[in-house]
Amino acid sequence: MSSVLRRSELAVPAANDNMFARAAASEADLVFLDLEDATAPAQKVGARAKVITALNDLDWGRTARAVRINGLDTAWCHDDIIDVVTHAGANLDTIVVPKACTARDVWWVDLLLTQLEDKLGLERRIRLEVLIEEVEGLANAEEIAKASPRMDALIFGVGDFSLSQGARVDTNFVPVWDYPGDFWHYARNKVMVAARIAGIAAIDSPYPDYGDLAGYEAEARRSSLYGYTGKWAIHPTQIPVANAVFSPTPEEVALAERNMAAYREAEARGLGAVGVDGVLVDAAHVKMAQRTLDRVALINGG
């Protein structure tokens, strides 16, 4: 899986350059300047220049720099990629591709990026994160996830997916009547599995009710149990919640260190498993422990 940390991905409207500096200085692991849904049609062309200036002139620190382009079926997509990469490609880490429906959608962006990078002499390849937010995209999630070596993450886009599925939900994408469990369990899990098949990360959907941090945290916790490693934030107040939820807890770290030490000691004595406080610890537990400790190292900048 990618070594890029993305517990929190902050969305910022690309036309609202008054928000850029605060976003760059935030604790978000990734910030994406949104040329798509958060930018009005009349502002889309002009917003590109603001994006280019922000990428080139702001100090982003450890924060990954990303841009969400407009959909491939729009008049803006082609120039979004060409203009931003031509003028700020050296300072762009990731392009977020919306509404991917087939692997060919990802292939098209990959091909255009390859041509631009070769033409401009860019040495560092720009990564791709792809939104699964159409029913067709969900059906093809595995092929989409494996469509390009640039692929770094799949994102579950619940808003447009609600529309594509015809779901009866409110403005927070919650079902209008009682529903047992997670209404989006199937979609979330399918995106998760597709990402794991491809060896890339999975990022969970936005939570529009930014005043409800408890609800945001509950949804993030549930997604983290599935295996998601991060979640979108549409407001800066959601960032510390996501960063905390998608980081190993002190208890998880202590358990990982204990299991690792016990197994290594047993291994030195020629044993393939050991009992620790009445619980079997074997090679699978060591892999789990190592994953936790690797996650801690990544968070700590290691």
Would you say [X] and [Y] make side-chain contact, with heavy atoms under 4.5 Å?
{"X": "N70", "Y": "P98", "answer": "no"}
{"X": "D73", "Y": "K99", "answer": "no"}
{"X": "V12", "Y": "R22", "answer": "no"}

(request) Go through the steps to decide whether V109 and V130 satisfy the test side chain to side chain contact (heavy atoms under 4.5 Å, CB included), and finish with yes or no. (result) CA-CA 11 Å; V109 177; V130 173; over 6 Å; no

(message) Quick check on salt bridge (charged side-chain N to carboxylate O under 4.0 Å, His left out): which of R6, R7, R62, R65 does D29 satisfy it with?
(response)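 Going through R6, R7, R62, R65 one by one, the salt bridge (charged side-chain N to carboxylate O under 4.0 Å, His left out) with D29 is satisfied by R7 alone.
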
When rounded to the nearest 0.5 angstrom, what distance separates [atom1] in [X] from [atom2] in [Y]?
{"X": "E217", "Y": "Y207", "atom1": "CD", "atom2": "OH", "answer": "11.0 Å"}
{"X": "W107", "Y": "T114", "atom1": "CH2", "atom2": "OG1", "answer": "10.5 Å"}
{"X": "K50", "Y": "L55", "atom1": "NZ", "atom2": "CG", "answer": "14.5 Å"}
{"X": "E27", "Y": "T63", "atom1": "CD", "atom2": "OG1", "answer": "7.5 Å"}
{"X": "T292", "Y": "E257", "atom1": "OG1", "atom2": "CD", "answer": "10.0 Å"}
{"X": "I52", "Y": "D57", "atom1": "CD1", "atom2": "CG", "answer": "11.0 Å"}

Going hydrophobic residue to hydrophobic residue with side-chain gaps under 4.5 angstrom, can you get from [X] over to [Y]?
{"X": "I299", "Y": "L255", "result": "no"}
{"X": "L111", "Y": "I95", "result": "yes"}
{"X": "F246", "Y": "L225", "result": "no"}
{"X": "V191", "Y": "L163", "result": "no"}
{"X": "M192", "Y": "V135", "result": "yes"}

Would one find more than 12 heavy atoms of other residues, nucleotides or ligands at under 6.0 Å from atom [atom1] of [X]?
{"X": "R125", "atom1": "CZ", "result": "yes"}
{"X": "N18", "atom1": "CG", "result": "yes"}
{"X": "R291", "atom1": "CZ", "result": "no"}

State which residues pass side-chain contact (heavy atoms from CB on, under 4.5 Å) with [X]; sequence neighbours excluded, sorted by chain then number.
{"X": "A167", "value": "Q165, V169, F183, W184"}
{"X": "L122", "value": "V85, A90, E117, L120"}
{"X": "M260", "value": "R264, V286, A289, Q290, L293"}
{"X": "S148", "value": "V106, D110, L128, R150, M151"}

(request) Determine, stepwise, if the pair K231 / S8 fulfils side chain to side chain contact (heavy atoms under 4.5 Å, CB included). (result) CA-CA 5 Å; K231 187 171 179 62; S8 52; over 6 Å; no

Shortest non-hydrogen contact between [X] and [Y], atoms and distance:
{"X": "R196", "Y": "A202", "value": "NH1-N, 4.5 Å"}
{"X": "V158", "Y": "P206", "value": "CG1-O, 4.0 Å"}
{"X": "P236", "Y": "L10", "value": "N-CD1, 4.2 Å"}
{"X": "C77", "Y": "L72", "value": "SG-CA, 3.9 Å"}
{"X": "A14", "Y": "V51", "value": "CB-CG2, 3.6 Å"}
{"X": "A145", "Y": "I200", "value": "O-CD1, 3.9 Å"}

(message) Side-chain heavy atoms under 4.5 Å apart, restricted to Ile/Leu/Val/Met/Phe/Trp/Tyr: what other residues fall into the cluster of L131, or is it alone?
(response)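 Result for L131 is L30, F32, V96, I155, I203, W232.
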
(message) My understanding is that a hydrophobic cluster links ILVMFWY residues whose side chain heavy atoms are under 4.5 Å apart, including indirect links. Using that, what else belongs to the cluster containing Y210?
(response)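 Noted: Y210 shares its cluster with I234.
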
Backbone N or O of [Y] within a donor-acceptor pair of the [X] side chain at under 3.5 Å?
{"X": "K44", "Y": "L35", "result": "yes"}
{"X": "T39", "Y": "D34", "result": "yes"}
{"X": "D105", "Y": "C101", "result": "yes"}
{"X": "S164", "Y": "F161", "result": "no"}
{"X": "Y228", "Y": "R188", "result": "yes"}
{"X": "N172", "Y": "V174", "result": "no"}
{"X": "R295", "Y": "T229", "result": "yes"}
{"X": "R127", "Y": "V4", "result": "no"}

(request) Any chance you could lay out the side chain to side chain donor-acceptor pair (under 3.5 Å) test for N140 and T102, step after step, and finish with the verdict? (result) CA-CA 6 Å; N140 296 320; T102 67; 6.0 Å; no

(message) One thing to verify: whether D93 and R124 come together as a salt bridge, which I'm taking to mean a side-chain N less than 4.0 angstrom from a carboxylate O.
(response)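 Yes, R124 and D93 are salt-bridged.
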
(request) Begin from the C-alpha positions of W108 and I81 and carry the test side chain to side chain contact (heavy atoms under 4.5 Å, CB included) through to its verdict. (result) CA-CA 11 Å; W108 183 88; I81 299 172; 3.8 Å; yes

(request) Report the C-alpha separation of E142 and K146 in whole Å, then their side-chain angles, then the decisive distance to 0.1 Å, and conclude whether the salt bridge (charged side-chain N to carboxylate O under 4.0 Å, His left out) test is met. (result) CA-CA 7 Å; E142 291 88 350; K146 297 184 293 182; over 6 Å; no

(message) Under a 3.5 Å threshold, yes or no: a donor from one side chain and an acceptor from the other, between Y226 and D204?
(response)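 There is no such pair (donor and acceptor under 3.5 Å, judged by atom type) between the side chains of Y226 and D204.
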
(message) Applying side chain to side chain contact (heavy atoms under 4.5 Å, CB included) to H78 and L112, what does each step give before you reach the verdict?
(response) CA-CA 9 Å; H78 185 262; L112 181 54; 4.1 Å; yes

